[in-house]
Amino acid sequence: MNLQHIPQIKYTDSGNFFLLAGPCAIEGEEMAMRIAEKLVGITDNLQIPFVFKGSFKKANRSRIDSFSGIGDEKALKILRKVSETFKVPTVTDIHTNEDADMAAQYVDVLQIPAFLVRQTDLVVAAANTGKVVNLKKGQFMSPESMKHAVQKVLDCHNENVMVTDRGTMFGYQDMIVDFRGIPTMQQYATTVLDVTHSLQQPNQTAGVTGGRPDMIETIAKAGIAVGVDGIFIETHFDPANAKSDGANMLHLDYFESLMTKLVAIRKTIDTF
């Protein structure tokens with residue numbers, strides 16, 4: 001996939017990795033704009049191609065009382081406002097075939113959640129919008145099996161597809177990243193490493209997913225070192241009180257320092 005096919009994306013000639021980053025879920029306009037403004041400033045300074053990420057709803061919840069969203073259209077309009085205000089592309093998850101056409105009116109990249117990436121009708125619905133499609137590797141899937149998910153998009157005459165590794169289940173309550181999978185998946189499509197979701201600790205008895213945010217820098221550095229095309233990181237200015245996935249998000253205060261280190265690693269790797 002050519003990054004330039006993503007509307008409004010900048011710095012595609014900088015030699016940097018590209019970045020998908022933002023909060024897990026859109027909790028409101030003020031929080032989304034605050035996070036976006038900070039991320040745009042950092043990525044402009046470091047010349048990192050940037051896509052703002054935010055889920056307009058969270059359909060995959062451990063408990064029925066978990067936060068799922070502020071309303072579909074309301075959240076999607078906030079994503080569009082972020083894009084129009086800061087002149088950056090946006091990405092959001094979709095969960096049903098109907099979501100594809102609706103979300104495509106507001107965002108630039110449609111993301112298929114890991115648990116749903118084998119749902120052929122959903123992948124086809126996303127591909128048929130003509131938007132860029134980000135396929136998240138199922139926690140239960142091998143890197144090699146993502147070839148078939150990519151092919152579904154290509155068979156819909158849409159070549160704008162990327163895949164994202166978000167870890168593989170390790171027992172019942174932990175995830176691991178097998179970095180051998182990155183060059184494997186790069187044979188099929190542009191490949192992203194989802195750093196924060198790879199550090200989730202799912203299936204906790206409390207019904208709320210845990211995480212290891214202390215390992216974010218370690219996993220991100222390793223991903224850049226092995227040559228991943230893009231990095232995916234969820235971030236928030238108050239992770240402890242975020243309404244979704246706060247346990248594995250990166251605090252916004254630490255974002256610039258991490259990006260500076262990753263850019264330096266990328267420059268070093270590119271000299272080899």
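Quick caveat, the model's predicted, so the values are computed rather than measured. Just so you know, these numbers use all the heavy atoms, side chains as well, and skip hydrogens, waters and symmetry mates.
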- By ring-ring contact (aromatic ring centres under 6.0 Å, His included), which residues pair with Phe52, not counting sequence neighbours?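 Phe52 satisfies ring-ring contact (aromatic ring centres under 6.0 Å, His included) with no residue once adjacent residues are dropped.
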Counting C-beta onward and ignoring hydrogens, is there a side-chain heavy-atom pair between [X] and [Y] closer than 4.5 Å?
| X | Y | value |
| --- | --- | --- |
| Lys221 | Glu217 | yes |
| Arg180 | Pro143 | no |
| Lys77 | Tyr106 | yes |
| Met259 | Asn45 | no |
| Ile70 | Ile78 | yes |
| Leu110 | Asn134 | no |
| Phe18 | Thr190 | yes |
| Met33 | Lys81 | yes |

Rounded to the nearest 0.5 Å, what separates atom [atom1] in [X] from atom [atom2] in [Y]?
| X | Y | atom1 | atom2 | answer |
| --- | --- | --- | --- | --- |
| Arg118 | Met146 | CZ | CE | 11.0 Å |
| Ile224 | Lys261 | CD1 | NZ | 14.0 Å |
| Thr235 | Leu252 | OG1 | CG | 4.5 Å |
| Gln111 | Leu116 | CD | CG | 11.0 Å |
| Thr92 | Met102 | OG1 | CE | 9.0 Å |
| Leu262 | Ile233 | CG | CD1 | 6.5 Å |

- Task: Please determine which of Ile94, Val91, Val51, Leu79 meets the side chain to side chain contact (heavy atoms under 4.5 Å, CB included) test together with Val107.
- Result: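 Going through the options one by one, the only one that passes is Leu79.
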- Between Val263, Val192, Ile269, Val228, which is the residue that forms a side chain to side chain contact (heavy atoms under 4.5 Å, CB included) with Phe17?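 Single side chain to side chain contact (heavy atoms under 4.5 Å, CB included) partner of Phe17 among Val263, Val192, Ile269, Val228: Val263.
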Assigning hydrophobic clusters by single linkage (Ile, Leu, Val, Met, Phe, Trp, Tyr; side-chain heavy-atom cutoff under 4.5 Å), is [X] placed with [Y]?
| X | Y | result |
| --- | --- | --- |
| Val124 | Val109 | no |
| Met162 | Val153 | no |
| Ile6 | Leu76 | no |
| Leu20 | Val161 | no |
| Phe50 | Ile26 | yes |

- Task: Carefully, step by step, assess Thr191 and Thr164 under the rule side-chain contact (heavy atoms from CB on, under 4.5 Å).
- Result: CA-CA 6 Å; Thr191 301; Thr164 295; over 6 Å; no
- Take Leu154 and Tyr188, measure what side-chain contact (heavy atoms from CB on, under 4.5 Å) needs, and give me the verdict at the end. CA-CA 10 Å; Leu154 298 178; Tyr188 317 135; over 6 Å; no
Distance-only side-chain donor-acceptor flag, [X] / [Y], under 3.5 Å:
| X | Y | result |
| --- | --- | --- |
| Gln186 | Asp229 | yes |
| Ser55 | Lys53 | yes |
| Thr196 | Glu234 | no |
| Thr168 | Lys137 | yes |

- Do the ring planes of Phe232 and His197 sit parallel (below 30°), tilted (30 to 60°) or perpendicular (above 60°)?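 Taking His197 first and then Phe232, their aromatic rings sit tilted (interplane angle of 30° to 60°).
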Please answer whether the main-chain N or O of [Y] pairs with a side-chain N or O of [X] as donor and acceptor at a distance below 3.5 Å.
| X | Y | result |
| --- | --- | --- |
| Ser198 | Gly167 | yes |
| Lys131 | Ala104 | yes |
| His251 | Phe237 | yes |
| Ser257 | Tyr254 | no |
| Thr85 | Ser83 | no |
| Asp194 | Asp165 | no |
| Thr268 | Ala264 | yes |
| Thr129 | Ala100 | no |

Please name the pair of heavy atoms, one in [X] and one in [Y], separated by the smallest distance, quoted to 0.1 Å.
| X | Y | answer |
| --- | --- | --- |
| Ala127 | Cys156 | CB-CB, 3.7 Å |
| Pro239 | His236 | CD-O, 3.5 Å |
| Ser14 | Pro49 | OG-CD, 4.0 Å |
| Glu256 | Leu46 | O-CD1, 4.5 Å |
| Ala36 | Val82 | CB-CG1, 3.7 Å |
| Asn160 | Asn158 | N-OD1, 2.8 Å |

- Message: For Met175 and Arg166: C-alpha separation, side-chain torsions, deciding distance, then whether side-chain contact (heavy atoms from CB on, under 4.5 Å) applies.
- Response: CA-CA 9 Å; Met175 312 278 293; Arg166 48 96 72 239; 3.0 Å; yes
- Are Val132 and Asp108 close enough, and set up right, to give a side-chain contact (heavy atoms from CB on, under 4.5 Å), and what steps lead you there? CA-CA 7 Å; Val132 175; Asp108 304 293; over 6 Å; no
Is [X] atom [atom1] crowded by more than 12 heavy atoms from other residues, nucleotides or ligands, each under 6.0 Å away?
| X | atom1 | answer |
| --- | --- | --- |
| Lys10 | NZ | yes |
| Gln187 | CD | yes |
| Gln8 | CD | yes |

- Task: Output yes when Asp99 and Lys57 qualify as a salt bridge under the 4.0 Å nitrogen-oxygen rule, no when they do not.
- Result: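 A salt bridge links Asp99 with Lys57.
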